[in-house]
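Below is one structure, written out as structure tokens, with a few remarks after it.
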Amino acid sequence: MWRRVASLSSSISSSFLAQTASRLNTWESLTTGIAQQAKGVIAPKEKTPFITFVLGGPGSGKGTQCIKIVETFGFAHLSAGDLLRREIASKSADGAMILNTIKEGKIVPSQVTVKLIQKEMELSDNHKFLIDGFPRTEENRVSFEQILSEWQSQIGVEPNVVLFFDCPEEEMVKRVLNRNEGRVDDNLETIKKRLTVFQALSLPVINYYSEKGKLYTIKAIGTEDEIFEQVRPIFAAFETVG
Ligand SMILES: Nc1ncnc2c1ncn2[C@@H]1O[C@H](COP(=O)(O)OP(=O)(O)O)[C@@H](O)[C@H]1O
Ligand SMILES: O=c1ccn([C@@H]2O[C@H](COP(=O)(O)OP(=O)(O)O)[C@@H](O)[C@H]2O)c(=O)[nH]1
Ligand SMILES: [Mg+2]
């Protein structure tokens, strides 16, 4: 659980915030941190976070399986796409840029997405995180791993588990076109662009974690329950260990 303290933070915490802000290359992050310090500081967490990245093409079933993982294993679910859509809905300064990027099937700058994920993690009482639909590029991956390393005061910190929902393109297109959530990117034109982006930018991330021995590939065809039976043992093994 993230430990909250009532008084102003220690210099360690201030320097953590300053380092994070400079890594993210944004003063906004720092000023937000200072405002949080005044209210009730978010200090480094007591438990080491357990981080799972949930990757796969559009419509491969990431969100659907995350719901089941949350129900069964008690993770906090952070969907990068949902966080970005929330920014659009809240008409934040980045909202218009995010909307255009999503419509085009492109990737929002890492600085924006990492900041949203980091904020959610800091606010969560959980220490087990499912990060759904992120990292989508090598640049996303490096930005996030830098933040993780700073949190844990060590270099080269990586996620504990990376799930890859491997699904044929034809099936992904069919599912996305039937998704019916009113999303601006669930149309044939944008899906084609998203599949190209997935191949060019996201597959290298998947290959990276495969080489690191962190990747668990799930055959994402079949019923939702059948697919979950491939997912379940992965987390069950960690429960036994932990
Ligand atoms: N195993 C499955 N078989 C058929 N449809 C599925 C399956 N899993 C998810 N879906 C449906 O496919 C669509 C995309 O699933 P979703 O979980 O949103 O994927 P992603 O988050 O990877 O884009 C949703 O409408 C969902 O209900
Ligand atoms: O880390 C992320 C996650 C999502 N997106 C954008 O948000 C869209 C929708 O992402 P989401 O994960 O919701 O889509 P899904 O794969 O679940 O269909 C993507 O196509 C990208 O344009 C992004 O730029 N960076
Ligand atoms: Mg999704």
Side-chain angles (χ1 to χ4, degrees), residues 51-71 77-89 94-121 129-145 147 159 162-203 205-206 217-231:
I51 295 183
T52 300
F53 287 153
V54 183
L55 306 180
S60 58
K62 301 181 294 296
T64 304
Q65 292 297 322
C66 280
I67 292 169
K68 291 177 175 292
I69 299 166
V70 167
E71 281 168 6
H77 178 201
L78 274 62
S79 157
D82 285 351
L83 293 174
L84 292 168
R85 285 183 284 274
R86 195 168 79 189
E87 284 297 290
I88 298 170
D94 290 324
M97 176 278 289
I98 296 172
L99 176 61
N100 284 331
T101 309
I102 288 181
K103 271 189 190 158
E104 284 301 309
K106 295 185 176 157
I107 307 300
V108 171
S110 295
Q111 175 184 324
V112 172
T113 316
V114 169
K115 194 167 76 182
L116 293 173
I117 295 172
Q118 186 192 5
K119 202 165 20 164
E120 287 298 302
M121 290 177 74
F129 298 100
L130 283 180
I131 304 186
D132 166 9
F134 177 95
R136 273 179 143 89
T137 65
E138 280 287 279
E139 194 215 348
N140 277 174
R141 177 183 70 72
V142 170
S143 310
F144 190 79
E145 285 187 355
I147 296 293
V162 180
L163 295 183
F164 167 41
F165 288 93
D166 189 11
C167 193
E169 283 199 358
E170 207 181 86
E171 175 70 16
M172 292 197 278
V173 172
K174 200 169 76 185
R175 289 184 192 172
V176 168
L177 291 179
N178 286 326
R179 182 152 46 187
N180 228 358
E181 290 177 2
R183 279 174 49 170
V184 292
D185 52 347
D186 281 355
N187 58 75
L188 194 55
E189 195 189 336
T190 310
I191 294 162
K192 283 183 184 160
K193 291 179 183 164
R194 296 178 64 198
L195 288 171
T196 306
V197 166
F198 176 72
Q199 293 280 341
L201 303 181
S202 307
L203 274 184
V205 178
I206 289 162
T217 300
I218 310 292
K219 289 196 193 73
I221 281 281
T223 66
E224 293 174 14
D225 286 344
E226 282 166 354
I227 294 167
F228 187 63
E229 288 316 314
Q230 296 177 63
V231 172

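Ligands are counted one by one from 1 in listed order, and the atoms in each one are counted from 1 as well. Fair warning: this is a prediction, and the values are worked out from it, not measured in the lab.
The pair E181-R85 does not count as a salt bridge, with every side-chain nitrogen at least 4.0 angstrom from each carboxylate oxygen. A salt bridge links E171 with K174; the closest basic N to acidic carboxylate O contact falls under 4.0 Å.
Between K62 and ligand 2, at least one pair of N/O atoms sits closer than 3.5 Å. Polar contact with ligand 2: present for V108 (N/O pair, distance under 3.5 Å). Polar contact check, K106 against ligand 2: a nitrogen or oxygen pair lies under 3.5 Å apart.
When all heavy atoms of T101 and V108 are compared, the pair lying nearest together is CG2-N, 3.6 Å. In plain terms, the two heavy atoms of A80 and F134 that are nearest each other are CB-CB, 3.8 Å.
If you number the atoms of ligand 2 from 1 as listed, the ones under 4.0 Å from a heavy atom of G81 come out as 10 (O), 11 (P), 13 (O). Taking a cut-off of under 4.0 Å to the non-hydrogen atoms of T113, the atoms of ligand 2 that pass are 1 (O). Ligand-side atoms of ligand 2 in range of P58: 16 (O), 18 (O), range being under 4.0 angstrom from any heavy atom. Close approach to I107 involves these atoms of ligand 2, each under 4.0 Å from a residue heavy atom: 24 (O). Shown in contact with A80 at under 4.0 Å from a heavy atom are these atoms of ligand 2, numbered in order with element: 1 (O), 2 (C), 3 (C). Listed by number with element, the atoms of ligand 2 under 4.0 Å from a non-hydrogen atom of D185 are 8 (C), 9 (C). Taking a cut-off of under 4.0 Å to the non-hydrogen atoms of G133, the atoms of ligand 2 that pass are 1 (O), 2 (C), 3 (C).
Residue contact annotation: R85 has a non-hydrogen atom under 4.0 Å from ligand 2.
Counting heavy atoms only, R136 comes closest to atom 11 (P) of ligand 2 of the residues R136, R179, E104. The closest non-hydrogen atom to atom 1 (O) of ligand 2, taken over F144, F198, F134, F165, comes from F134.
E138 places a side-chain heavy atom less than 4.5 Å from the side chain of V205. Residues V112 and M97 meet the side-chain proximity criterion, which asks for heavy atoms closer than 4.5 Å. Considering only heavy atoms from C-beta on, F198 comes within 4.5 Å of I206 through its side chain.
Under a 3.5 Å cut-off, the side chain of E139 and the backbone N or O of S110 do not form any donor-acceptor pair. Proximity of a side-chain donor or acceptor of K62 to a complementary backbone N or O of G57 within less than 3.5 Å is detected. No donor-acceptor distance shorter than 3.5 angstrom exists from the side chain of T190 to the backbone of D186, with no hydrogens or angles considered. R175 contributes a side-chain N or O that, together with a main-chain N or O of G59, makes up a donor-acceptor pair within less than 3.5 Å. Proximity of a side-chain donor or acceptor of Q65 to a complementary backbone N or O of E224 within less than 3.5 Å is detected.
Around ligand 1 you find G57, P58, G59, S60, G61, K62, G63, T64, R175, R179, G222, T223, E224, I227, each with a heavy-atom distance below 4.0 Å.
Protein heavy atom nearest atom 15 (P) of ligand 2, with residue, atom name and distance: R194 NH2, 3.3 Å. From the protein, the heavy atom lying nearest to atom 25 (N) of ligand 2 is L84 CD1, 3.8 Å.
E87 pairs by the side chain to side chain donor-acceptor pair (under 3.5 Å) definition with S92, not counting sequence neighbours.
Counting heavy atoms of neighbouring residues, nucleotides and ligands inside a 6.0 Å radius, atom CD of E189 does not exceed 12 of them.
At a 4.0 Å heavy-atom cut-off, ligand 2 touches R183 through the side chain alone. Neither the backbone nor the side chain of D132 has a heavy atom within less than 4.0 Å of ligand 2. With a 4.0 Å cut-off on non-hydrogen atoms, V176 does not touch ligand 2 at all.
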Worked check of side-chain contact (heavy atoms from CB on, under 4.5 Å) between D225 and E229: CA-CA 6 Å; D225 286 344; E229 288 316 314; 5.8 Å; no

